[in-house]
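Chain letters run A, B, ... following the sequence lines, proteins first and then strands; every chain starts at 1. Atom set for the values below is all heavy atoms of this structure, side chains included, hydrogens, waters and symmetry mates excluded.
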4 protein chains.
Amino acid sequence: MTAYDQRREHVLDGCAQVFAEKGYDSASIRDIARAVEMSAGGLYHYCSNKQDLLYQVCDRAFRSLIARLEEGLSHVDDPQERLYTVFVTHLTYFLDRPDELITLTENLSSLTPPGSAKIRELQRCYYDIVSGVLASFPGITATSLRVATMTLFGSINWVHTWYRRGIDGGADELARVMTDLFLNGLAPAYKCSPSSPKHVD
Amino acid sequence: MTAYDQRREHVLDGCAQVFAEKGYDSASIRDIARAVEMSAGGLYHYCSNKQDLLYQVCDRAFRSLIARLEEGLSHVDDPQERLYTVFVTHLTYFLDRPDELITLTENLSSLTPPGSAKIRELQRCYYDIVSGVLASFPGITATSLRVATMTLFGSINWVHTWYRRGIDGGADELARVMTDLFLNGLAPAYKCSPSSPKHVD
Amino acid sequence: MTAYDQRREHVLDGCAQVFAEKGYDSASIRDIARAVEMSAGGLYHYCSNKQDLLYQVCDRAFRSLIARLEEGLSHVDDPQERLYTVFVTHLTYFLDRPDELITLTENLSSLTPPGSAKIRELQRCYYDIVSGVLASFPGITATSLRVATMTLFGSINWVHTWYRRGIDGGADELARVMTDLFLNGLAPAYKCSPSSPKHVD
Amino acid sequence: MTAYDQRREHVLDGCAQVFAEKGYDSASIRDIARAVEMSAGGLYHYCSNKQDLLYQVCDRAFRSLIARLEEGLSHVDDPQERLYTVFVTHLTYFLDRPDELITLTENLSSLTPPGSAKIRELQRCYYDIVSGVLASFPGITATSLRVATMTLFGSINWVHTWYRRGIDGGADELARVMTDLFLNGLAPAYKCSPSSPKHVD
DNA sequence: TATGAATGAGCATTCATTCAT
DNA sequence: AATGAATGAATGCTCATTCAT
């Protein structure tokens with residue numbers, strides 16, 4: 001990795017932080033410059049404009065998120081365990097690099113063409129992977145597959161609004177609870193199997 | 001309702017529309033004025049400043065959302081039906097007044113004191129009602145109650161990002177699918193009850 | 001005096017107060033309306049526009065100031081006593097209606113044609129009276145008369161910047177000190193010396 | 001002096017000119033930008049806001065005024081000559097840089113904290129110097145010293161309202177007349193008369 | 001590479017004024 | 001005589017972006 005690329009990574013880190021904190025629209029180029037400890041003009045060596053910074057942050061974040069998920073799933077076959085892998089991978093990424101995931105969740109709608117189309121493709125890719133995991137559960141219909149996938153995304157994309165660091169448990173614990181909810185629902189008591197497994201671990 | 005109040009309602013409608021479309025930060029007072037067909041200066045008869053407009057939109061939306069939910073739940077006792085009521089009320093409101101719900105979901109973080117505190121109280125009120133519905137399910141723990149409630153909110157607050165009008169079914173249908181998912185999960189096949197009801201209606 | 005005129009006097013009082021406090025340019029019509037406890041629109045029954053309010057305040061103030069001075073001088077003949085009368089009349093008016101005199105002193109330059117010309121005429125009238133008093137002192141030249149008159153005006157128009165109510169003495173006391181200064185100067189001890197240098201050069 | 005500082009001086013010159021002409025409140029940032037031949041936004045490289053421009057103008061003016069006076073007084077011992085020095089220094093500065101002195105005189109009350117306190121300190125410093133000069137005259141009391149000093153300030157701060165360039169004589173001539181007035185007053189002819197009434201009461 | 005002065009467009013807001021009531 | 005909703009122009013200021021250095 002060249003020195004330029006390292007500097008560029010640093011710039012994107014700063015962008016993610018500022019975008020996550022203030023939102024894309026409220027974040028000014030000077031805010032970012034301050035966070036990166038560089039002049040505003042200097043930033044333009046690493047992007048063509050402000051919108052491009054958002055694009056780069058989203059692109060980088062989605063690619064590593066997908067890579068992690070693909071890596072994680074490549075070792076697991078059981079549907080229930082695969083579902084857990086989806087949760088735990090996403091939540092681990094969130095706890096790891098919260099600013100990037102928050103930017104991704106909250107500022108995707110600020111993307112404009114042509115970058116927005118490229119990011120939407122990555123989003124679609126991520127969607128397909130997760131959807132594929134859910135599709136392996138028997139008895140799921142086309143309609144309920146879409147709803148279930150979107151519901152799952154809603155669940156994990158909402159986490160940053162309520163998660164309290166140090167209080168709400170780690171990624172694995174949270175992933176276990178959410179996996180259980182998605183697998184068994186709230187009414188397991190009504191189910192007759194006395195020994196149904198509550199969660200995967 | 002006075003003529004002034006009617007005009008004010010009209011202003012808030014326009015605000016909700018513009019905020020939902022562009023986001024609070026990107027929405028300019030002139031955008032709103034255009035949507036309401038009024039001069040920019042004239043808007044200041046109905047608010048003290050732009051932030052106040054967001055506050056008023058959120059306040060009005062949350063209050064009617066809560067009112068609808070309380071009304072709906074007042075007729076229902078069965079936990080499963082109550083859960084369905086939560087979904088169907090929220091989704092009906094969304095299909096009814098999407099701009100307000102989108103504003104509520106996407107721009108809550110743009111609220112500043114002192115309005116933010118008041119809205120947070122309404123949010124808390126809504127949370128408590130929904131949480132109460134979930135708490136009536138046996139076998140739920142303190143931790144999983146919080147996670148389940150937040151997961152439910154994530155699910156319904158995410159709907160606006162993927163829902164396609166005229167394609168994805170009405171509020172009742174969607175509510176039924178989501179209720180089923182929350183009640184029974186994805187793995188009902190593993191449950192032994194051959195005749196477990198998939199959903200409430 | 002009609003009820004309308006009484007109300008108009010009340011409006012001008014409020015204007016003088018606001019103009020004196022904030023200056024003509026910073027004072028808004030709404031500031032004045034608040035001070036007068038009337039709506040902004042209502043003020044326009046007593047003036048044609050904001051500029052006219054300033055004109056009316058200045059006109060009224062100058063006229064009563066001149067009237068008082070003419071009245072006071074009509075009883076006095078001795079030049080020294082007449083000089084004292086100039087000071088004491090002006091200072092009494094200042095302590096009596098400070099807002100009007102402050103408005104007159106600080107905001108005269110905000111007057112625009114055609115009102116400004118009319119007020120300048122009143123100002124000229126006031127000037128002529130005071131100048132006439134000074135002209136009665138022997139040994140004064142055309143040049144020094146002008147300088148002395150302007151110096152006198154500078155002195156009394158500056159009072160509002162430093163006068164502390166309840167501390168700096170009443171109008172009569174202050175008038176006495178200033179009269180003495182203008183009559184005898186700072187170096188009375190050197191007087192009688194037939195060869196004292198009048199100035200440095 | 002850096003190029004930046006030179007440009008900043010140029011900006012302050014333009015500010016002084018516009019403030020003197022229209023007054024601080026009426027002067028718009030765009031007026032100043034026009035006078036300086038720079039964009040409105042560009043001005044903000046030399047100040048934090050409009051108020052700061054006024055502060056900078058006043059600060060610069062007071063400092064050089066004080067410096068000139070201290071320099072001038074350092075060569076003179078005789079009280080009468082020192083009084084002349086006060087007048088001639090101030091009036092020379094006025095003829096030299098009228099805009100700054102007019103701004104100082106007319107817009108000081110538009111200063112807001114925290115700048116106003118700093119300028120007040122400079123004003124106090126200037127006052128103390130002048131007051132010290134007057135205090136060296138025998139027979140002056142505490143009360144009359146204050147009145148005399150303020151009267152002197154009133155006199156010189158009023159000059160800009162009546163002085164006609166090319167008609168009313170130079171700084172030295174004017175200073176001589178005013179010094180004479182302050183030293184000897186209007187009634188020198190009456191002096192030596194042991195029973196002349198000092199004032200009327 | 002990096003800076004920071006500079007710009008022109010845009011921002012939220014305030015204003016004097018009008019006018020239907 | 002008085003109100004207050006409404007307007008269009010102007011306000012101070014911030015912005016993303018450019019470019020000479």
Side-chain angles (χ1 to χ4, degrees), chain A residues 2-4 7-8 11 24-33 36-53, chain B residues 2-4 6-8 11 24-33 36-53, chain C residues 2-4 6-8 11 24-33 36-53, chain D residues 2-4 6-8 11 24-33 36-54:
Chain A
T2 66
Y4 173 88
R7 200 102 175 85
R8 182 169 152 276
V11 167
Y24 174 75
D25 291 310
S26 286
S28 77
I29 285 286
R30 279 168 177 78
D31 288 334
I32 296 166
V36 184
E37 292 182 304
M38 184 186 295
S39 71
L43 282 175
Y44 285 80
H45 285 283
Y46 302 97
C47 65
S48 53
N49 49 40
K50 186 186 169 190
Q51 171 70 209
D52 182 40
L53 287 173
Chain B
T2 67
Y4 175 87
Q6 273 181 22
R7 200 101 174 83
R8 183 168 151 275
V11 166
Y24 174 75
D25 291 311
S26 285
S28 77
I29 286 287
R30 284 165 177 83
D31 288 334
I32 296 167
V36 184
E37 291 181 304
M38 183 185 294
S39 72
L43 282 175
Y44 286 80
H45 277 279
Y46 303 97
C47 65
S48 52
N49 49 40
K50 187 186 168 190
Q51 170 69 209
D52 183 40
L53 287 173
Chain C
T2 67
Y4 173 86
Q6 272 181 21
R7 201 104 175 83
R8 183 168 151 276
V11 167
Y24 174 76
D25 292 309
S26 285
S28 79
I29 285 288
R30 279 168 178 80
D31 288 333
I32 296 167
V36 184
E37 291 182 303
M38 183 187 293
S39 72
L43 282 177
Y44 285 80
H45 285 283
Y46 302 97
C47 65
S48 53
N49 51 39
K50 187 186 169 190
Q51 171 70 211
D52 183 39
L53 288 172
Chain D
T2 67
Y4 175 86
Q6 273 180 22
R7 201 103 174 82
R8 183 168 152 276
V11 167
Y24 174 76
D25 292 310
S26 284
S28 79
I29 285 288
R30 284 164 178 82
D31 288 334
I32 295 168
V36 184
E37 292 183 301
M38 184 187 292
S39 71
L43 283 176
Y44 286 81
H45 277 279
Y46 303 98
C47 65
S48 51
N49 50 40
K50 186 187 168 189
Q51 170 71 207
D52 183 39
L53 287 173
L54 177 59

Side-chain N or O of D:Tyr46 closer than 4.0 Å to phosphate OP1/OP2 of E:dA6
yes
Nearest-Å distance, CG (C:Asn49) to C1' (E:dT18)?
13 Å
Return the nearest nucleotide to the side chain of B:Ser39; candidates are E:dT13, F:dT7, E:dT3.
F:dT7
Please determine, for F:dC19, whether a Watson-Crick or G-U wobble partner exists with both distances under 3.5 Å, and give it or none.
E:dG4
Nucleotide E:dT14, atom C1' - distance to NZ of B:Lys50 in whole Å
17 Å
Once rounded to the nearest 0.5 Å, what's the spacing between atom CZ of B:Arg8 and atom OG1 of B:Thr2?
9.0 Å
Atom pair CD1 (D:Ile29) and CG (D:Asn49), whose distance is rounded to the nearest 0.5 Å:
8.0 Å
What nucleic acid atoms does A:Ala27 come within less than 4.0 Å of, heavy atoms only: base, sugar-phosphate, or nothing?
sugar-phosphate
From NE2 of C:His45 over to C1' of F:dT3, roughly how many Å is that when rounded to an integer?
9 Å
For E:dC11, does either OP1 or OP2 sit under 4.0 Å from a side-chain N or O belonging to B:Ser28?
yes
Between atom CZ in C:Arg8 and atom P in F:dA2, what is the gap in whole Å?
14 Å
For a quick check of understanding: with a heavy-atom distance under 4.0 Å over all strands, which category does A:Tyr4 fall into, base, sugar-phosphate or nothing?
sugar-phosphate
Residue B:Ala40, side-chain heavy atoms: nucleotide from F:dA16, E:dT13, E:dA2 that is nearest
E:dT13
Between C:His45 and C:Arg7, is the side-chain contact (heavy atoms from CB on, under 4.5 Å) condition met? List the steps.
CA-CA 10 Å; C:His45 285 283; C:Arg7 201 104 175 83; over 6 Å; no
Please work out if B:Arg30 contacts a base, only the sugar-phosphate, or nothing of the nucleic acid, heavy-atom cut-off 4.0 Å.
base
Treating B:Asp31 as the side-chain partner and B:Ala27 as the backbone partner, does any N or O pair qualify as donor plus acceptor under 3.5 Å?
no
Write down the distance between CD (B:Glu37) and C1' (F:dA5), rounded to a whole number of angstrom.
17 Å
B:Asp31 vs D:Gly41, nearer the 5' end of DNA chain E by closest nucleotide
D:Gly41
Using whole Å, what does the distance between atom P of nucleotide F:dG12 and atom OH of D:Tyr44 come to?
7 Å
Side chain of B:Ile29, heavy atoms from C-beta onward: which of E:dA12, E:dA5, F:dA6 has the nearest atom to it?
E:dA12
Assign each of D:Met38 and B:Asp25 the nucleotide of DNA chain E bearing its closest heavy atom; nearer the 5' end lies the nucleotide of D:Met38
Could you state the atom-to-atom distance from CG of A:Leu43 to P of E:dT3 in whole Å?
9 Å
Does the A:Tyr46 side chain pair with the main chain of A:Leu53, one donor and one acceptor, at a distance under 3.5 Å?
no
Rounded distance (Å) that lies between atom P of E:dA5 and atom CZ of D:Arg7
11 Å
